[in-house]
There are 2 protein chains.
Amino acid sequence: MTAASDRAVDQLRERILGGEYVPGERLGEVELAEKLGVSRTPVREALRRLAAEGLVDITPNKGARVIDYPRQDLEKIFEIRAHVEGLAARSAAETASMADIDRLDELATVLKERSEAGDLDEVYRLNAAYHATLNGLAGSAVLTSTVGHLIHSAVLLRTLHSFDPAARQRSVNHHLEIVAALRARDPDWAEAVMRAHLLSARASLLGARRRDEENLEENA
Amino acid sequence: MTAASDRAVDQLRERILGGEYVPGERLGEVELAEKLGVSRTPVREALRRLAAEGLVDITPNKGARVIDYPRQDLEKIFEIRAHVEGLAARSAAETASMADIDRLDELATVLKERSEAGDLDEVYRLNAAYHATLNGLAGSAVLTSTVGHLIHSAVLLRTLHSFDPAARQRSVNHHLEIVAALRARDPDWAEAVMRAHLLSARASLLGARRRDEENLEENA
DNA sequence: CGTTCGCTAGTTGCATACATCTAGTCGATG
DNA sequence: CATCGACTAGATGTATGCAACTAGCGAACG
């Protein structure tokens, strides 16, 4: 479970989150083993671990596929995140060090730049890093791993792609405002903004779905 | 990942949750393989899956141990559960069928009996079943699996053992009240009781810790 | 006497061979 | 001609052998 298996997990995760494998796509063991230059054993391990992270779905005797959540679940994910990450933001406001907050500030600032430049891929990465960092500051391994799964599922479905420019700007501002709340050591404020941030994302998602359905009707 | 591996997972989970292996205890692959009558491969699979469920902790090249959360994390777990299962109760109040509610009612009723009879082992089992059922009613696989991990960690540490009789009776009453809220189709009520239920459990936990520390001082 | 190096036993990680299951195709039969 | 069944290729599941790593002990050296 060292070199080979770890590398397999990292590479697979990156490829899945990077969109190289689309949701629902089959992930054959032998194919992956050849592509990664290892035997099937570490590949199996990797697939099991990714299943644990919620990135792939394994059916006995039938193999692994990239997970494909229904849209409804995705909305639920944002509701849960609104609560759980709200808690994390609250904790962070109470315990984070100045160095931690500075790091978060840096992420939020660069994120704002990249967003204004229209570099969506980088916005993804930074957004994930921002949330992962903040959740880590809550200082509870349980909380971090809990939310980790949820974030993966969301990134997977390219949530941000559905954002219209106005929503994206709101999102960027939320990130900065949360940093301000942390600096002010104000748990209530931090929690409230984080909740707003994620519920706003959820709303954008609903809007995107409505647009998708309308487009479908047009093309029908 | 069929017969052998599944059986291994089920047996190990039962033994861990049943307290046969205590937190921190080492879980050697060969030993388990012999005990379960299979080879090391399915045992390894099983350990990885249990790690995914949050029941064991695997360190590369050093093997698996039963997980051992610090008390602090346990409190965090109940905070998160209060939020997430609160959501689940809300959803259930909106969508559960009468048959579902009857099933939950049955569980809560038997649980009350067993609690009054002092049968704590059975109370554990029924309590876990009650929460698992209710979370399942929310109709979101994501939510169910998210909370599943959290519940495992809690059961693992024998939370209920720390309950004094008064707290246990409160807990039993909460279960029944939630059923009533579901029958009334009142999401707000259901959510509020569930939150109270879990925050009450968290408070009992804090009380138990205080008692433990006092006992330690006495024995010192 | 304490520290460090090397050895050894035991465990985990990886690769490979074999067993079992699934799905698709071809052919036989009503 | 349609349908059912057996066969076959390809995949996953399991077992086992070998390699690499960890930890613990003991002896040699400073």
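Because the structure is a prediction, the values reported are computed rather than measured. Naming convention: chains lettered A, B, ... in sequence-line order (proteins, then strands); numbering from 1 in each chain.
For the pair Leu32(A) CG and dT12(D) P, the computed distance is 9 Å after rounding to whole Å. One interatomic measurement links the two molecules: CZ of Arg7(A) to P of dG13(C), which rounds to 16 Å at whole-angstrom precision. As rounded to whole Å, 14 Å separates atom C1' of dA15(C) from atom CD of Glu34(A). At whole-Å resolution of the value, CG in Leu36(B) and P in dA15(D) are 11 Å apart. We find that CZ of Arg65(B) is positioned 10 Å from P of dA23(D), with the value rounded to whole Å. What separates CD of Glu45(A) from C1' of dG13(C) is a distance of 8 Å, to the nearest Å. As rounded to whole Å, 14 Å separates atom P of dT14(D) from atom CG of Leu47(B). As a whole-Å value, the separation of Arg48(A) CZ from dG13(C) P is 16 Å.
Rounding to the nearest 0.5 angstrom, the gap separating the OH atom in Tyr21(A) from the CG atom in Leu55(A) is 13.5 Å.
Side chains of Ser5(B) and Arg49(B): a donor on one and an acceptor on the other come within 3.5 Å. Side-chain contact annotation: His197(B) with His174(B), donor-acceptor N/O pair under 3.5 Å present.
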Working note: Glu106(A) + Val110(A), criterion side-chain contact (heavy atoms from CB on, under 4.5 Å); need CA distance, chi angles, decisive distance, verdict.
CA-CA 6 Å; Glu106(A) 169 80 15; Val110(A) 178; 3.7 Å; yes
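Each of dT14(D), dT16(C), dT12(C) was ranked by its minimum atom distance to the side chain of Arg40(B); first place goes to dT12(C). For Glu29(B), the side-chain atoms get nearest to dT12(C) when compared with the rest of dC14(C), dT12(C), dT14(D). Checked against dG17(D), dC21(C), dT14(D), the side chain of Ser5(B) finds its nearest nucleotide in dT14(D). When each of dG13(C), dA15(C), dG13(D) is scored by its nearest atom to the side-chain atoms of Asn61(A), the top-ranked nucleotide is dG13(D).
Close to dC21(D), at under 4.0 Å from its OP1 or OP2, lies no side-chain N or O of Lys62(B). Taking 4.0 angstrom as the limit, Arg44(B) places none of its side-chain polar atoms (N or O) nearer than this to OP1 or OP2 of dT12(C). At dT12(D), one or more side-chain N or O atoms of Arg26(A) fall inside 4.0 Å of OP1 or OP2 (strictly under the cut-off).
Here the shortest heavy-atom pairing between Met194(B) and Gly86(B) reads CG-N, 3.9 Å.
Toward the 5′ end of DNA chain C lies the nearest nucleotide of Val30(B), the other residue of the pair Ser39(A) and Val30(B) mapping further downstream.
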